[in-house]
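Proteins come first, then strands; the chains are lettered A, B, ... in the order of their sequence lines, and each starts at number 1.
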Number of protein chains: 2
Amino acid sequence: MRVTIYDVARDAGVSLATVSRVINHSPHVKESTRRRVQETIERLGFQPNLVASALTTKRTRLMALLIPSITNPACAQVAWGVEETAAEMDYNCIICNVGADPKRQAHYVNILIRKGIDGIIFSTPSYDDGLVLDLSRRSYPLTLMARDVPAAQVNRALTDDKAGGALAAQHLLELGHTSFLLVTSKEEVLQERARGFVETIRAQNLDVIPVEAKGSDITAGLDAGVRLLSLANRPTAVFATTDLLAIGIIAAVHCMGLDIPRDLSVVGYGGLIEPEAMQLPLTTIVQPMRDMGKAAAQLLFDTLQEGREPRQVVVEPKLYIGGTTGNPSR
Amino acid sequence: MRVTIYDVARDAGVSLATVSRVINHSPHVKESTRRRVQETIERLGFQPNLVASALTTKRTRLMALLIPSITNPACAQVAWGVEETAAEMDYNCIICNVGADPKRQAHYVNILIRKGIDGIIFSTPSYDDGLVLDLSRRSYPLTLMARDVPAAQVNRALTDDKAGGALAAQHLLELGHTSFLLVTSKEEVLQERARGFVETIRAQNLDVIPVEAKGSDITAGLDAGVRLLSLANRPTAVFATTDLLAIGIIAAVHCMGLDIPRDLSVVGYGGLIEPEAMQLPLTTIVQPMRDMGKAAAQLLFDTLQEGREPRQVVVEPKLYIGGTTGNPSR
DNA sequence: CTGAAAGCGCTTACAG
DNA sequence: CTGAAAGCGCTTACAG
């Protein structure tokens, strides 16, 4: 049988309340009493049962992270940051692979609440707005990532995709490029990256040729690369709104015997592909997903701890200069 | 205020015990009573508080997975399998990135136990045997992966590394190879893979030239590849005990203008590198890490559910034939 | 500074 | 088949 607070109280000759105060570092305990109780706790090897304390305090010190799949490297980075920050606060992190199905999300959320999980971080691109709004109305602590639900009173950890696009533009401008291609698909976040890029280029009175990709993976990139090569007035620089698009473009361009970065500079977006995994490390806009996770967990913790108003944190992207960009050769 | 079992009992005109029986699908409830209670539960939107029930049943329906880091793709696969199986059983999965520090492991374990986590899966190469033995003695439900503690009474989900090495040998033998190189470092699992390979080759009265790598990453592979090229009697086939070693060897061989698989067949081990990520997909022995995770969770669940004796499951590796192996050209 | 008592929301023998 | 009561192991006003 495990030793309980009751055993400690009896052994130390004090009441349950006093032992509880010592455990919880209440300042209202005489120093000599504290020492005596502390000594008994150690001697008996008492470990407070947090399930019992959760029943009264309504705090399990557990948070959950909803992601499409932990095998997605971006999700893994987020999970790393969340778990890391949670652990610092004596929290533990429950991972839920919810896929893309809103029903699965709702099912998970329901069980998490019944298990007394203190708060949830949503990092799924396709959650059910109604679910989030409902939780927000019942003032259940939440942090949203990856997508927003404007009407909800929740914490938010957001990326600045527009700033990322602008970073890509600045880098290429600084290298001296004057003709640009933009490859992106229609997804909203990607459009935001594109907007930041285009605005920055236009501010210099330069122009951007847009190419719409039919997706955001390597295949779509290959296709875009082929189209790029057929352009009459081939630009010297291209910004792809995802790394996979960029990789596809590079592969297509290589096939046609062009050299990167001599004939074409390429900037991607993401930063989750290890530079060592590529022959030529990709210049890209790095999304600090781990930092996002950390911020998300911190926001949730603050809400839990101080019950403070939901806040919003914007995590800035960074430029990583690999080997796929250089000065234009013409 | 949330609705409790008490509200349901009063509204339905029955006792707490009866409501509890209905929730827990006890067969000893009159059908008409069950229906009435069920109707009340739905009308009031009652959701049982599992923290309260955990306090009496000693079951939180939470399990934990200890891994070095979730950003390691092998760990992510394991976590995927564990979480997937856990979810099927109405369990949730707590992820703990314990790194390589046994102290961190002990700290996590301590807090997990206090939080009432039902069982733990150890998937870390460097855990503290003493900790595992201690938990095992206190008959705390455990599943071990990645490494064994022979004396412990625990579940085990193991890989058959020797069989994997044998698979590699069989594949190369079937292709007609007669001269072999083995590249491995000294780590115990890798030695096991090597043993399976060598024994299978020797059973055919053929011989293997061993090359010791100073590590198991790409750099070590590059180095081994260079040494391979300097051999007087160059073999036609190489088995590397990790995929990264194999990739390094391939890169080195490519540099020297040799063609793979014409001049050299290469088999790796792991299977976590996406075939699409490589110019030439690597032939490799696939460790089904997700299946390992599933098995580990299932074993833990069985212990939890039926209190049955610890068991052991061996997950078999599989051969994946990519483009780096072929018939020998001489 | 300390203790007695009630309470958190369930489950579980036990009795009927 | 059903209910009254005790109990799981803590915390928290309240009183002193």
Side-chain angles (χ1 to χ4, degrees), chain A residues 1-38 40-41 44-62 90 110-118 304-305, chain B residues 1-38 40-41 44-62 90 110-118:
Chain A
M1 290 292 87
R2 265 180 65 176
V3 20
T4 71
I5 197 174
Y6 187 83
D7 303 317
V8 175
R10 196 180 26 192
D11 192 290
V14 295
S15 72
L16 297 177
T18 300
V19 179
S20 177
R21 286 187 192 104
V22 172
I23 299 168
N24 297 299
H25 307 104
S26 156
H28 310 298
V29 182
K30 210 202 298 177
E31 188 47 34
S32 60
T33 311
R34 169 188 308 287
R35 262 204 298 276
R36 184 153 42 97
V37 172
Q38 194 58 50
T40 307
I41 287 175
L44 302 185
F46 169 63
Q47 306 264 53
N49 177 332
L50 298 180
V51 174
S53 96
L55 188 57
T56 36
T57 61
K58 312 291 183 208
R59 284 275 177 272
T60 52
R61 302 197 81 81
L62 256 22
D90 282 324
N110 185 268
I111 197 118
L112 290 170
I113 291 178
R114 284 169 46 185
K115 288 189 182 172
I117 310 312
D118 295 345
L304 257 19
Q305 206 62 8
Chain B
M1 290 293 87
R2 265 180 65 176
V3 18
T4 71
I5 198 174
Y6 186 84
D7 303 318
V8 175
R10 194 179 31 193
D11 192 289
V14 296
S15 72
L16 297 177
T18 300
V19 179
S20 178
R21 288 188 192 101
V22 172
I23 299 168
N24 297 299
H25 307 102
S26 156
H28 310 297
V29 182
K30 211 202 298 177
E31 188 48 35
S32 62
T33 312
R34 171 188 308 286
R35 262 204 297 275
R36 184 155 40 95
V37 172
Q38 194 58 51
T40 307
I41 286 175
L44 302 185
F46 169 63
Q47 308 264 52
N49 176 332
L50 298 181
V51 174
S53 97
L55 190 56
T56 37
T57 63
K58 313 290 183 204
R59 283 276 177 271
T60 52
R61 301 196 81 81
L62 256 22
D90 283 325
N110 184 268
I111 199 121
L112 290 170
I113 291 178
R114 286 168 46 184
K115 287 187 182 173
I117 308 314
D118 294 346

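Looking at Asp118(A), Leu62(A), Ile117(A) one by one, the single match for side chain to side chain contact (heavy atoms under 4.5 Å, CB included) with Leu112(A) turns out to be Ile117(A).
The CD1-C1' distance, from Ile5(A) to dT12(D), rounds to 12 Å in whole Å. In this entry the distance linking CG of Leu50(B) with C1' of dC8(D) reads 15 Å, nearest Å. Protein atom CG of Leu55(A) is 13 Å distant from nucleotide atom C1' of dT12(D), rounded to whole Å. Here the C1' atom of nucleotide dC10(D) and the CD1 atom of Ile41(A) are 13 Å apart, to the nearest Å. One can place OH of Tyr6(B) at 17 Å from C1' of dT11(C), the figure rounded to the nearest angstrom. Residue Arg114(B) contributes atom CZ, which lies 10 Å from atom P of dC10(D) at whole-angstrom precision. Arg2(A) places its CZ atom 12 Å from the C1' atom of dC10(D), with the value rounded to the nearest Å. Computed from coordinates, the Asn49(A) CG to dG9(D) P distance equals 7 Å when rounded to whole Å.
Base pairing annotation: dA4(C) forms no Watson-Crick or G-U wobble pair, as no partner gives both donor-acceptor distances under 3.5 Å. Across the strands present, dA13(C) finds no partner; the criterion is a Watson-Crick or G-U wobble pair with both atom distances under 3.5 angstrom.
With rounding to the nearest 0.5 angstrom, the CZ atom of Arg36(B) is 10.5 Å from the CG atom of Asp11(B).
Taking a 4.0 Å limit (strictly below) on heavy-atom distances, residues 15-27 of chain A reaches DNA chain C at Ser15(A), Ala17(A), Thr18(A), Arg21(A), Pro27(A).
In this structure, Val51(A) reaches neither bases nor backbone, as no heavy-atom distance under 4.0 Å exists between it and the strands shown.
In this structure, Thr33(B) reaches the dT2(D) phosphate: one of its side-chain N or O atoms is under 4.0 Å from OP1 or OP2. Of the side-chain N and O atoms in Lys58(A), one or more sit less than 4.0 angstrom from OP1 or OP2 of dG9(C).
Residues passing the side-chain contact (heavy atoms from CB on, under 4.5 Å) test with Asn110(B), sequence neighbours excluded: Gln47(A), Arg114(B).
The minimum heavy-atom distance between Val3(A) and Val8(A), with the atom names listed, is CG2-CG2, 4.3 Å. The shortest non-hydrogen separation linking Phe46(A) to Ile23(A) is CE2-CD1, 3.4 Å. Heavy atoms only, all atoms of each residue included: Lys115(A) and Asp90(B) are closest at NZ-O, 3.0 Å. Ile5(B) and Ser20(B) make their closest contact through CD1-N, 3.7 Å (heavy atoms, listed as atom of the first residue, atom of the second, distance).
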